Amino acid sequence: QVQLVESGGGLVQAGGSLRLSCAASGRAFSTYARGWFRQAPGKEREFVSRISSSGGSTDYTNAVKGRFTISRDNAKNTVSLQMNSLKPEDTAVYYCAAGPSFTKWPGNYRYWGQGTQVTVSS
């Protein structure tokens, strides 16, 4: 059974940092692109960041550029999202995803985690 499990969410003050991790099990995801998405209350799920299968290409939504860093460890089948200088508007449930294409479109991701809550207080 394929599973993606996120961890590392929590409550942090504005300006603080969190590191999200996503562990994959059930198959090798080294050939899959990985992405992070988030969904705030009352809003649609939105793209946050993506990383290619090799890790050589990354991309971020403008709102997090310079503050978030995505990375992956294919030997451990994990992907991480380092989030610095957090803002209240970063508050959302964060989801990791895996899919065959390096894309920012959620419909192209085949596997999803259950989500982890990130809350940034002002």
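Sequence positions, counted from 1, serve as the residue numbers for this chain. This is a predicted model, so every value here is computed, not measured.
Residues Ser21 and Thr78 are not in side-chain contact: their nearest non-hydrogen atoms beyond the backbone lie 4.5 Å or more apart. A heavy-atom distance below 4.5 Å is not found between the side chains of Val79 and Phe29. Between Glu6 and Gln114, some side-chain heavy-atom pair lies under the 4.5 Å cut-off. In this structure, Tyr95 and Arg45 have side chains that are in contact, with non-hydrogen atoms separated by less than 4.5 Å. In this structure, the side chains of Ser49 and Val64 stay at 4.5 Å or more apart for every pair of heavy atoms.
Checked by atom type, the side-chain pair Gln117/Thr119 shows a donor-acceptor distance below 3.5 Å.
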field: Verdict with supporting geometry, Arg19 and Ser80, side-chain contact (heavy atoms from CB on, under 4.5 Å)
entry: CA-CA 7 Å; Arg19 184 176 180 87; Ser80 298; 3.5 Å; yes
Test side-chain contact (heavy atoms from CB on, under 4.5 Å) applied to Val12 and Met83, step by step: CA-CA 11 Å; Val12 65; Met83 306 186 297; over 6 Å; no
Test log, rule side-chain contact (heavy atoms from CB on, under 4.5 Å), inputs Arg38 and Val118: CA-CA 9 Å; Arg38 66 186 181 186; Val118 171; over 6 Å; no
Using the side-chain contact (heavy atoms from CB on, under 4.5 Å) rule, take Thr61 and Phe68 through it: C-alpha gap first, then chi angles, then the decisive distance, then the call. CA-CA 10 Å; Thr61 189; Phe68 290 12; over 6 Å; no
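A donor-acceptor pair under 3.5 Å links the side-chain atoms of Arg50 to the main chain of Phe102, judged by distance alone. A donor-acceptor pair under 3.5 Å links the side-chain atoms of Ser54 to the main chain of Gly56, judged by distance alone. At least one donor-acceptor pair under 3.5 Å links the side chain of Asn74 to the backbone N or O of Ser53. With hydrogens and angles disregarded, no donor-acceptor distance shorter than 3.5 Å links the side chain of Arg72 to the backbone of Gly55. Looking only at distances, a side-chain donor or acceptor of Tyr60 sits under 3.5 Å from a matching main-chain atom of Ile70.
How far CG of Asp59 is from CD1 of Ile51: 11.0 Å, rounded to the nearest 0.5 Å. If you take OG1 on Thr116 and CG on Leu81, they are separated by 11.0 Å, rounding to the nearest 0.5 Å.
For Ser122 against Pro88, the heavy-atom pair with the smallest separation is CB-CG, 3.9 Å. Residues Cys22 and Leu4 share a closest heavy-atom pair of SG-CB, 3.9 Å. Nearest heavy atoms, Val120 versus Thr91: N-OG1, 2.9 Å. Pairing each heavy atom of Tyr109 with each of Ala97, the nearest pair is CD2-CB, 3.6 Å.
In the hydrophobic clustering of ILVMFWY residues, with side-chain heavy atoms under 4.5 Å counting as a link, Tyr111 and Phe47 come out apart.
Here the options are Trp112, Tyr94, Trp105, the test is ring-ring contact (aromatic ring centres under 6.0 Å, His included), and the partner is Phe37; only Trp112 passes.
Geometrically, Arg110 does not engage Tyr32 in a cation-pi contact defined by less than 6.0 Å to the ring centre and at most 45° from the axis.
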